[in-house]
Novice: 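First, the structure itself, so that you have it in front of you.
Order of the sequence lines fixes the chain letters, A, B, ..., with proteins taken first and strands second; residue numbering starts at 1 for each chain.
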Amino acid sequence: MNRIRKRDLIKILFRAFYIQGTWNYERMLGLGLCFCMLPVARRICRNEKEVRNFLNRHLDFFNAHPYMASFALGALTRLEEQAIFQKWDDKRPITIFKERMCGPLGAIGDALFWQFVKPVSAIFGVIISLIFGYIGVVVFLVVYNIPHIYFRIDGIFKGYFKGFDIIRDLSISGTRKYFSRLNSILTIFLGALTVIAGYWIYAEGQGNKGVFVYIPLLLLSIVLTYGKKLSMTMNMVIVIGISVLIGLMI
Amino acid sequence: MEFVSDLVIICIFGGFVAIDTAAGWQFMFSQPLVACTLIGFMLGSPEIGLLMGILFQLPWLAEIPAGGTHTSEGNVGSLVGAGLAIHLLQKQVNTENIILVIALLWGVLVGWLGGKFVNSMRKRNVFFVYRADRAADDLDLTRISLLNIGGVGHAFLIGFFLIAISFSVGVLVVGKMAAFVPSYFDEPFAYSKIGMLALGVGTMLSMFLRKRNIAYFFIGIVLSLLILLIL
């Protein structure tokens, strides 16, 4: 009987970059998850019946944040291996575990990456671009991809070593206090962005006139975007239109 | 000839941008700041690419792609806007700001349309899932792998054709509008850059600034002023 090897986990890691390949409204990441788990089926399943059951389990519904899904992939690999080697009669715990992982992995991933890492790296990249030019693009990519790649790798290996216990590391309430601290860091960047955008407008040749236009447009933008009353497409059209009107009046 | 070569470059790169956005990798080279700068380098005007990237980056961050939410395809829209600006500015240099406004508005419209394309792509992806069910019945693991990779290819094609159509219409129809705007309007149109930057900053403030963290906001202001003084 074959055990999971390190190279199988590395194969899963590389496949995990394509977990969203067939994202759809019916089973969401279902096929993507199965695609990532195929090296496990090839390694541990001993007969056609085991392969068929394996595929049926993993082609079903699954959804999570794509980077955090690595934790589920690692843990599911461990559970599938245990199920075969410990000769589980009932493999429903694997399916239940997969369903239970969807909520925390989605919530933590969305809060961490879409509400913190992406805005911070984009704001930092824009600030550096406004001051130093192209280097800001590199800064953005580096700042974003360090946690991105780290979570993908860590997720697979930590998930595999912890199995069922990974769920304890991924509680939403346990991570809430960290998100509060992360918001403080994000706010520092917001302060810097507000000033440096004004400085860029001044230095770009618009001078004091540009800064005097920037401040009311900034306030207007806050009012427009607060509470997301309008779509961003509408907001952009409105702000561009008003800016051109201001330009024509000055 | 220049149009054809620009079109081929932007379509191929756009296909990869579409993958990075919705189907794979997510290294974020698809984000406007990176994608617009890269297309700027490819089409021979990196400074316009960087400018368009800065202007588009922050407003689109408001659209969070959490779960299955329907969002605009801001990355592809920004890429088309940047490509259009760069292509048109190679010919009409005296109306730079007018062209920038037209390219910004076109990019916004393409972003909105792109969102509809991505939505329909996600609906069509069910086709791959049903095929995978049949492959599972046949115990064909290789076919399951190929079907998932097929989904990635599907995203590439969506990005490729969306950009091919929107860039061509942009250059051949919308871009011609710039010629009808008198060049003395060019200076007033420069304020659109301030508007877009203000919208980006304003969006970030309304999304993330919290009353309890206001002290950190002022720390950021003081730190940035110190950095500017040192520079």
Novice: With a 4.5 angstrom heavy-atom cut-off, which part of A:L190 approaches chain B: side chain, backbone, both or neither?
Specialist: both

Novice: Could you give me the CA-CA distance, side-chain angles and deciding distance for B:N148 and A:Y18, then say whether side chain to side chain contact (heavy atoms under 4.5 Å, CB included) is met?
Specialist: CA-CA 8 Å; B:N148 195 62; A:Y18 300 96; 4.1 Å; yes

Novice: Report which part of A:Y199 has an atom under 4.5 Å of a heavy atom belonging to chain B: side chain, backbone, both, or neither.
Specialist: side chain

Novice: Check each atom of A:R27 against the heavy atoms of chain B and say whether the ones under 4.5 Å are side chain, backbone, both or neither.
Specialist: side chain

Novice: Is A:F140 in contact with chain B via its backbone, its side chain, both, or neither, using a 4.5 Å heavy-atom distance?
Specialist: side chain

Novice: Of the backbone (N, CA, C, O) and the side chain (C-beta and beyond), which part of A:L31 lies under 4.5 Å from a heavy atom of chain B, both, or neither?
Specialist: both

Novice: For B:T37, which atoms come within 4.5 Å of any heavy atom of chain A: side chain, backbone, both, or neither?
Specialist: side chain

Novice: With only heavy atoms counted, which part of A:L220 is less than 4.5 Å from chain B, the side chain, the backbone, both or neither?
Specialist: neither

Novice: Pick one of side chain, backbone, both or neither for B:S72, based on which atoms fall under 4.5 Å of a heavy atom in chain A.
Specialist: side chain

Novice: Determine the minimum heavy-atom distance between B:L141 and A:L38, stating which atoms define it.
Specialist: O-CD1, 3.4 Å

Novice: Is chain A contacted by the side chain of B:P32, its backbone, both, or neither, given a heavy-atom distance below 4.5 Å?
Specialist: neither

Novice: Does the gap between the ring centers of B:F27 and A:F17 come in under 6.0 Å?
Specialist: yes

Novice: Ignoring hydrogens and geometry beyond distance, is a side-chain donor-acceptor pair present between A:S243 and B:S192 at under 3.5 Å?
Specialist: no

Novice: Treating A:N24 as the side-chain partner and B:K123 as the backbone partner, does any N or O pair qualify as donor plus acceptor under 3.5 Å?
Specialist: no

Novice: Would you mind telling me which of A:V51, A:N183, A:L245 has the largest number of heavy-atom pairs within less than 4.5 Å of chain B?
Specialist: A:N183

Novice: Do A:K118 and B:L61 pass the side chain to side chain contact (heavy atoms under 4.5 Å, CB included) test, and can you show the C-alpha distance, the side-chain angles, and the key distance before you say yes or no?
Specialist: CA-CA 8 Å; A:K118 194 173 163 192; B:L61 280 180; 3.7 Å; yes

Novice: Can you tell me which portion of A:F189 sits under 4.5 Å from chain B's heavy atoms? Options are side chain, backbone, both or neither.
Specialist: neither

Novice: At their closest point, which heavy atom of A:M232 faces which heavy atom of B:A62, and how far apart are they?
Specialist: CE-CB, 3.6 Å

Novice: Show, in sequence, the C-alpha distance, side-chain angles and deciding distance for B:S145 and A:R15, and conclude whether the side chain to side chain donor-acceptor pair (under 3.5 Å) test is met.
Specialist: CA-CA 10 Å; B:S145 290; A:R15 281 171 174 250; 3.3 Å; yes

Novice: Where on B:F41 is there a heavy atom nearer than 4.5 Å to chain A: the side chain, the backbone, both, or neither?
Specialist: side chain

Novice: B:L109 versus chain A, heavy atoms under 4.5 Å apart: side chain, backbone, both or neither?
Specialist: neither

Novice: A:L29, A:N56, A:I215, A:V244: which one forms the most heavy-atom pairs within less than 4.5 Å of chain B?
Specialist: A:V244

Novice: Could you report the tightest heavy-atom contact between A:S221 and B:G202, atom names first, then the distance?
Specialist: CB-CA, 4.0 Å

Novice: Where do B:V201 and A:A197 come nearest, in terms of heavy atoms and distance?
Specialist: CG2-CB, 3.9 Å

Novice: At a 4.5 Å cut-off on heavy atoms, which part of A:N145 comes close to chain B: side chain, backbone, both, or neither?
Specialist: side chain

Novice: Show the nearest heavy-atom pair for residues B:V126 and A:E26, with the distance to one decimal.
Specialist: CG1-OE1, 3.6 Å

Novice: For B:L223, is it the side chain, the backbone, both, or neither that has a heavy atom closer than 4.5 Å to a heavy atom of chain A?
Specialist: side chain

Novice: If you compare all heavy atoms of A:L59 against all heavy atoms of B:A136, which two are closest, and at what distance to 0.1 Å?
Specialist: CD1-CB, 3.6 Å

Novice: Can you check side chain to side chain contact (heavy atoms under 4.5 Å, CB included) on B:W60 and A:M236, steps first, answer last?
Specialist: CA-CA 10 Å; B:W60 286 130; A:M236 285 196 217; 3.4 Å; yes

Novice: Is it the side chain or the backbone of A:Y134 that comes within 4.5 Å of chain B heavy atoms, both, or neither?
Specialist: both

Novice: Under a 4.5 Å heavy-atom cutoff, which of A:S129, A:G32, A:G191 has the most pairs with chain B?
Specialist: A:G191

Novice: Among A:I19, A:L193, A:I246, A:V237, which residue has the highest count of heavy-atom pairs closer than 4.5 Å to chain B?
Specialist: A:L193

Novice: By a 4.5 Å heavy-atom criterion (distance strictly below it), what part of A:Q115 contacts chain B: side chain, backbone, both, or neither?
Specialist: both

Novice: Tell me, side chain or backbone of B:A135 under 4.5 Å from chain A's heavy atoms, or both, or neither?
Specialist: neither

Novice: Measure distances from A:L248 to the heavy atoms of chain B and classify the residue's part below 4.5 Å as side chain, backbone, both or neither.
Specialist: both

Novice: Counting only heavy atoms closer than 4.5 Å, note whether B:I149 contacts chain A via side chain, backbone, both or neither.
Specialist: side chain

Novice: So which part of B:F185 gets closer than 4.5 Å to some heavy atom of chain A, the side chain, the backbone, both or neither?
Specialist: side chain

Novice: Taking side-chain contact (heavy atoms from CB on, under 4.5 Å) as the criterion, tell me which of A:L219, A:T225, A:T194 meets it with B:L205.
Specialist: A:T194

Novice: Give, as side chain, backbone, both or neither, the part of A:P216 having an atom under 4.5 angstrom from any heavy atom of chain B.
Specialist: neither

Novice: Between CG of B:N125 and CE of A:M28, what distance do you get to the nearest 0.5 Å?
Specialist: 12.5 Å

Novice: Could you grab the distance from atom CZ of B:R122 to atom OG1 of A:T22, nearest 0.5 Å is fine?
Specialist: 11.5 Å

Novice: Stepwise, does the side chain to side chain contact (heavy atoms under 4.5 Å, CB included) test hold for B:L58 with A:I123?
Specialist: CA-CA 7 Å; B:L58 298 176; A:I123 290 169; 4.0 Å; yes

Novice: For B:L50, is it the side chain, the backbone, both, or neither that has a heavy atom closer than 4.5 Å to a heavy atom of chain A?
Specialist: side chain

Novice: Quick one: pull up CG in B:L199 and CD1 in A:I222 and give me the separation to the nearest 0.5 Å.
Specialist: 10.5 Å

Novice: Would you tell me whether A:Y144 and B:Q26 have side-chain atoms, one donor and one acceptor, within less than 3.5 Å of each other?
Specialist: no

Novice: Is it the side chain or the backbone of A:F14 that comes within 4.5 Å of chain B heavy atoms, both, or neither?
Specialist: neither

Novice: Any side-chain donor paired with an acceptor under 3.5 Å for B:N119 and A:Y25?
Specialist: yes

Novice: Please check if atom CD in B:E47 has more than 12 non-hydrogen atoms from other residues, nucleotides or ligands closer than 6.0 Å.
Specialist: yes

Novice: What part of A:I131 gets within 4.5 angstrom of chain B, counting heavy atoms only: side chain, backbone, both, or neither?
Specialist: side chain

Novice: If I measure from the heavy atoms of chain A, does B:L231 come under 4.5 Å with its side chain, its backbone, both, or neither?
Specialist: side chain

